[in-house]
Amino acid sequence: VEASIPEPQRAAWKKFQATPFVTKEDFEKEVVRHVETTLARSMFNCDETAAYAAASLAFRDRLITEWNRTQQRQTFADTKRVYYLSLEFLMGRAFDNAMLNVGLKNVAKEGLSELGFRIEDIISQEHDAALGNGGLGRLAACFLDSMASLNYPAWGYGLRYRYGIFKQEIVDGYQVEVPDYWLDFNPWEFPRHDIVVDIQFYGGVRKYQDEHGRNIAKWEGGEMVKAVAYDVPIPGYDTPSTNNMRLWSSKAASGEFDFQKFNSGDYESSVADQQRAETISAVLYPNDNLDRGKELRLKQQYFWVAASLYDIVRRFKKSKRAWSEFPDQVAIQLNDTHPTLATVELQRILIDLEGLEWDEAWTIVTKTFGYTNHTVLPEALEKWSVPLMQNLLPRHLQIIYEINMYFLQSVERKFPGDREMLGRVSIIEESQPKMVRMAYLAIVGSHKVNGVAELHSDLIKTTIFKDFVKIFGPDKFTNVTNGITPRRWLHQANPRLSELIASKTGGLGFLKDLNILNELEKFADDKEFKKEWAEIKYANKVRLAKHIKTTTGVTVNPSALFDIQVKRIHEYKRQQMNIFGVIHRYLTIKAMTAEERKKLAPRVSIFGGKAAPGYWMAKTIIHLINNVGAKVNNDPDIGDLLKVIFLEDYNVSKAEIITPASDVSEHISTAGTEASGTSNMKFVLNGGLIIGTCDGANIEITREIGENNIFLFGNLAEDVEDLRHAHNYGSHTLDPDLLKVFETIKSGTFGDAGAFSALTSAIEDHGDYYLVSDDFHSYIQTQALVDEAYKNQDEWITKTILSVARMGFFSSDRCINEYAEMIWNVEPLAPEKGETDGLGK
Ligand code: 6GP
């Protein structure tokens with residue numbers, strides 16, 4: 001490629017090539033240049049917002065230089081790339097992360113200080129990039145960080161929503177949703193107006209034979225929408241490798257608006273067309289673990305998948321390889337079933353557009369894709385109505401039927417005469433209307449299927465995908481236990497702890513090899529070390545207490561035990577059990593003598609999380625938490641012994657303040673319902689203990705850190721089905737302590753009793769599906785053990801040190817290496833030494 005450019009020109013380009021800043025002076029120069037030119041301001045009107053903008057742009061320029069080099073290196077090496085398709089990327093803030101990953105935070109801190117700014121104030125100017133709901137979206141963000149840090153040639157593909165997850169406000173105890181318009185100013189994205197893909201919807205299919213007698217299917221008519229690429233650089237930690245997250249934004253195909261309609265006087269509808277096109281990428285669906293089957297959502301899915309595949313195929317075709325080599329160059333991971341149409345789209349491209357035979361094409365498809373399942377909850381398993389798909393994607397529906405036909409034929413061969421099996425595993429559900437079962441399509445279209453923690457991966461094999469294990473054999477199904485990036489969730493969120501660990505383990509190497517944390521074990525009884533450790537926890541609690549004071553007005557005592565449950569509000573996650581437990585505690589304290597009260601460790605119960613706007617029960621739980629808080633926090637008889645806090649608008653940047661401040665955090669889902677959980681890992685990594693059920697990754701955390709260092713309680717997954725059956729068909733006696741809690745709620749102690757009747761009657765009258773009553777006693781008892789254990793601070797601190805020391809397994813770097821080896825078959829492509837300059841250290 002280089003040879004095609006004449007030497008003198010090449011020399012000129014090289015001479016003037018962009019060089020990433022390294023020194024404080026060069027950084028300041030860049031900031032001032034951006035203030036004075038890009039932002040058209042000066043030192044006299046550079047506020048913190050402008051300083052944030054300019055500093056970010058300085059880093060962005062730096063990242064983009066490395067980004068370009070990384071892409072060039074990957075293109076030259078011509079190695080296999082990974083494409084991570086996710087409808088959600090819950091990135092949070094980028095500025096602090098960029099500074100830390102590049103290794104130039106101190107340079108920026110001093111530079112900004114010389115220009116008159118405190119770096120903390122500048123960091124807090126940034127609006128979170130909140131293009132996700134919860135666990136699934138944040139996992140995708142951690143994976144991007146790990147893939148870049150480990151030098152994997154990898155791209156993320158997603159949608160550029162104009163509105164990310166809504167902002168939550170609490171008004172009179174109720175959740176109110178406010179739109180999150182986050183794109184006003186976003187220095188981290190590069191619009192690529194030159195990368196535009198036409199996406200087709202609706203229309204019909206014409207089938208005919210061409211001159212060679214080949215059967216041709218042509219998808220014609222319908223409407224076109226344009227997908228415009230926006231690129232976000234993803235910096236690796238301590239490596240120049242900078243990967244790409246490409247987000248697609250929708251635009252009307254005919255430009256500004258339809259000029260024909262405009263000229264014929266139909267101005268309004270020409271604008272409406274444009275708006276309709278832009279609607280596709282306008283808003284993130286705010287449901288976590290729930291499928292609602294809305295047409296616009298299907299449009300989003302196809303729009304994103306088609307644009308991404310067009311891009312991937314175009315890149316492959318440049319290499320001029322044979323199609324059979326496609327799976328050697330491309331691995332595509334489906335983050336849950338949302339991108340499953342990609343399998344169908346690739347088959348369509350290969351047979352309809354590239355003229356491959358069905359079998360040859362399908363072999364390529366299945367070798368290319370891997371599918372990750374993130375839930376067993378039935379209400380979250382995606383299904384699309386056949387009539388809906390027929391209308392929107394007529395050709396794809398035909399291909400799905402054909403995939404299903406060949407699949408069912410193979411099942412028939414393996415299990416002759418088993419009609420019931422055919423009905424159970426068919427990709428098409430014979431309901432009214434018929435439905436396409438996306439998980440089944442994803443399994444059939446992939447070479448590997450994985451769950452996200454051991455228990456979860458076992459459960460999918462024995463329950464929802466049982467038949468498929470018989471059909472494809474057990475090797476197609478595997479486990480990759482989730483992880484988190486220690487860069488954001490330790491180094492960035494808890495800088496003092498990170499520093500202390502570095503001082504004892506020979507530097508920051510643990511951020512790249514988290515197993516190095518093991519070296520902390522020898523300090524678990526070291527007095528000096530424990531003192532520093534405890535001081536850091538206390539300082540983090542003071543920081544959270546300040547945040548609580550400014551956002552809720554409530555004063556909490558940082559010496560109290562901080563008990564935190566932050567995650568999406570869901571019945572299966574059982575925040576209702578937590579708040580019932582809080583009420584039980586309140587009643588217990590009220591009945592205590594002064595002597596007994598003195599012995600009790602003061603506690604602050606902290607909740608946070610969003611409810612899907614249409615999830616009434618979840619909103620009722622939030623309402624109850626707030627009303628309990630209003631009562632308890634103002635009860636002079638209680639004082640510091642108990643405070644109940646609901647933190648508004650839980651998001652990634654708030655998690656960075658909350659996570660380091662826990663003494664215990666709650667991960668108390670009904671056994672068998674939480675696929676993995678990832679905040680459990682974040683809390684332990686930051687020196688907090690866990691109270692939890694034997695569910696998801698809690699089980700593996702226990703195995704790693706030791707069962708003396710975790711508070712486990714409740715029924716096991718294997719017993720859940722029988723218990724539910726007994727609730728419905730046997731006698732169902734409720735826990736007496738829980739009934740007392742219900743009485744108190746019903747007496748109006750926490751405001752209008754009627755408001756909470758749905759919560760109590762789900763347990764009393766509707767079978768207690770989530771086993772709140774079954775687990776309540778064991779929960780309360782275990783909370784009492786927590787109280788006891790916390791009194792012995794010396795032992796408690798030892799437990800937290802040992803736990804942190806044993807958390808190495810839960811780095812998302814470990815996950816990504818497992819995916820790379822087991823599923824993607826890709827190798828890292830490390831930059832050669834000296835190839836790229838400009839790393840901060
Ligand atoms: C979540 C799971 O609920 C959580 O347990 C897991 O840790 C996380 O995925 C990452 O694997 N699932 C979702 O957020 C979801 O919407 C469809 O699944």
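In this chain, residues are counted from 1 in sequence order.
- Remark: the backbone N or O of Thr242 is paired with a side-chain donor or acceptor of Thr70 at under 3.5 angstrom.
- Looking at heavy atoms from C-beta onward, Ile349 lies in side-chain contact with Glu354 at the 4.5 angstrom threshold.
- Checking side-chain atoms of Asp210 against main-chain N and O of Asn215 turns up no donor-acceptor pair under 3.5 Å.
- Residue-environment remark: NZ (Lys466) stays at or below the threshold of 12 foreign heavy atoms within 6.0 Å.
- Surrounding CZ of Phe316 are more than 12 heavy atoms belonging to other residues, nucleotides or ligands, all under 6.0 Å away.
- Side chains of Gln175 and Glu177: a donor on one and an acceptor on the other come within 3.5 Å.
- Counting non-hydrogen atoms of other residues, nucleotides and ligands closer than 6.0 Å to CD of Gln209 gives a total above 12.
- Here the straight-line distance linking atom CG of Leu159 with atom OG of Ser308 works out to 8.0 Å at 0.5 Å rounding.
- One distance of note links OG of Ser457 with NZ of Lys461; it measures 7.5 Å at 0.5 Å rounding.
- Using modelled atom types and a 3.5 Å distance limit, the side chains of Gln274 and Glu278 yield a donor-acceptor pair.
- Annotation: side chain of Glu220 is not in contact with side chain of Val205 (no heavy-atom distance under 4.5 Å).
- Using a 4.5 Å heavy-atom cutoff, the side chains of Phe415 and Lys470 are in contact.
- Remark: Lys367 fails to qualify as a cation-pi partner of Phe326 under the 6.0 Å distance and 45° angle criteria applied to the six-membered ring.
- Ion pairing of Asp180 with Lys167 is absent here, as no side-chain N (NZ or NE/NH1/NH2) approaches a carboxylate O to less than 4.0 Å.
- A ring-ring contact (aromatic ring centres under 6.0 Å, His included) check over residues 428-451, counting only residues at least two apart or in different chains, returns the pairs Tyr440-Phe468.
- Every residue meeting the ring pair (Phe, Tyr, Trp, His ring centres under 6.0 Å) condition with His570, not counting sequence neighbours, appears here in chain and number order: Tyr572, Tyr615.
- One finds no salt bridge joining Lys218 and Asp352 here, because no Lys/Arg side-chain nitrogen approaches an Asp/Glu carboxylate oxygen to under 4.0 Å.
- Across all non-hydrogen atoms, the minimal contact from Asn335 to Ala140 is ND2-CB, 4.0 Å.
- Among Tyr819, Trp824, Phe89, the single residue meeting the ring pair (Phe, Tyr, Trp, His ring centres under 6.0 Å) criterion with Phe143 is Tyr819.
- Both the sub-6.0 Å distance and the 45° axial angle are satisfied by Lys476 relative to the ring of Phe472.
- A cation-pi arrangement is absent between Arg214 and Tyr208, since the terminal nitrogen or guanidinium carbon is not both under 6.0 Å from the aromatic centre and inside a 45° cone about the axis.
- Side chain of Asp336 to backbone of His374: a donor-acceptor contact under 3.5 angstrom is found.
- In this structure, the side chain of Gln168 engages the main chain of Gly609 through a donor-acceptor pair within 3.5 Å.
- With hydrogens and angles ignored, the 3.5 Å screen pairs a side-chain donor or acceptor of Glu126 with a backbone N or O of Ala94.
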Without placing hydrogens or testing angles, list every side-chain donor-acceptor pair under 3.5 Å for residues 399-411, not counting sequence neighbours.
| from | atom 1 | to | atom 2 | distance (Å) |
| --- | --- | --- | --- | --- |
| Asn404 | OD1 | Ile427 | N | 2.9 |
| Asn404 | ND2 | Ser426 | OG | 3.1 |
| Ser410 | OG | Phe407 | O | 2.7 |

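- A distance of 5.5 Å separates CZ in Phe201 from CG in Leu392, rounded to the nearest 0.5 Å.
- Ile351 places none of its side-chain heavy atoms less than 4.5 Å from the side chain of Glu357.
- Partner of Leu393 under the side chain to side chain contact (heavy atoms under 4.5 Å, CB included) criterion, chosen from Trp384, Tyr202, Tyr302: Tyr302.
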Requested in this report: Please assess Asn482 against Thr678 for the test side chain to side chain donor-acceptor pair (under 3.5 Å), listing each intermediate value before the final yes or no.
Outcome: CA-CA 7 Å; Asn482 282 165; Thr678 43; 5.8 Å; no

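- Of the residues listed (Thr372, Asn373, Thr478), the one engaging Asn450 in a side-chain hydrogen bond (donor to acceptor under 3.5 Å, both in side chains) is Thr372, and it is the only one.
- The closest donor-acceptor contact from the side chain of Glu88 to the backbone of Asn133 lies under 3.5 Å.
- Smallest separation of non-hydrogen atoms from Lys251 and Val228: CD-CG2, 3.7 Å.
- For residues 425-452, the pairs satisfying salt bridge (charged side-chain N to carboxylate O under 4.0 Å, His left out) are Lys383-Glu429, Glu429-Arg437, Glu430-Lys434, with sequence neighbours left out.
- When all heavy atoms are compared, the tightest approach of Ile823 to Gln333 is CG2-OE1, 3.6 Å.
- Between the side chain of Trp182 and the backbone N or O of Tyr161, at least one donor-acceptor pair lies under 3.5 Å.
- No donor-acceptor pair under 3.5 Å is formed between the side chain of Glu382 and the backbone N or O of Met438.
- Side chain of Lys80 to main chain of Pro327: a donor-acceptor pair is present (N/O by atom type, distance under 3.5 Å, no hydrogens or angles).
- Judged by a 6.0 Å distance limit and a 45° cone about the ring axis, Lys610 is positioned over the six-membered ring of Phe166.
- In this structure, His127 has its ring center at least 6.0 angstrom away from the ring center of Phe185.
- Residues Asn287 and Arg292 meet the side-chain proximity criterion, which asks for heavy atoms closer than 4.5 Å.
- Annotation for Trp358: atom CH2 counts as buried by contact number, over 12 foreign heavy atoms lying within 6.0 Å.
- Rounding to the nearest 0.5 Å gives a distance of 8.5 Å between CD1 of Ile199 and CE of Met224.
- Contact check for Arg160 versus Asn186: no side-chain heavy atoms found under the 4.5 Å cut-off.
- The two residues Thr279 and Leu296 make their nearest non-hydrogen contact at CG2-CD2, 3.8 Å.
- Taking 4.5 Å as the limit, every side-chain heavy atom of Val344 sits out of range of all side-chain heavy atoms of Leu346.
- Looking at Ser281, its side chain does come within 3.5 Å of a backbone N or O of Ser250 through a donor-acceptor pair.
- Asp291 and Leu381 make their closest contact through OD2-O, 3.8 Å (heavy atoms, listed as atom of the first residue, atom of the second, distance).
- A heavy-atom distance below 4.5 Å is found between the side chains of Leu829 and Arg73.
- Seen from the ring of Tyr157, Arg246 does not count as a face-on cation partner, given the 6.0 Å and 45° thresholds.
- Taking the six-membered ring wherever Trp is involved, the centroid distance between the rings of His338 and Trp304 does not fall below 6.0 Å.
- Trp155 carries Arg315 over the face of its six-membered ring, with the cationic atom under 6.0 Å from the centre and within 45° of the normal.
- Every residue meeting the ring pair (Phe, Tyr, Trp, His ring centres under 6.0 Å) condition with Tyr181, not counting sequence neighbours, appears here in chain and number order: Tyr163.
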Report task. List the steps, then state whether side-chain contact (heavy atoms from CB on, under 4.5 Å) holds for Asp78 with Arg321. Result -> CA-CA 11 Å; Asp78 197 24; Arg321 291 165 186 260; 2.4 Å; yes

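- Looking at residues two or more places apart in sequence or on another chain, you find no side-chain hydrogen bond (donor to acceptor under 3.5 Å, both in side chains) involving Arg297.
- The minimum heavy-atom distance linking Leu350 with Val365 is given by the pair CD1-CG2, 4.3 Å.
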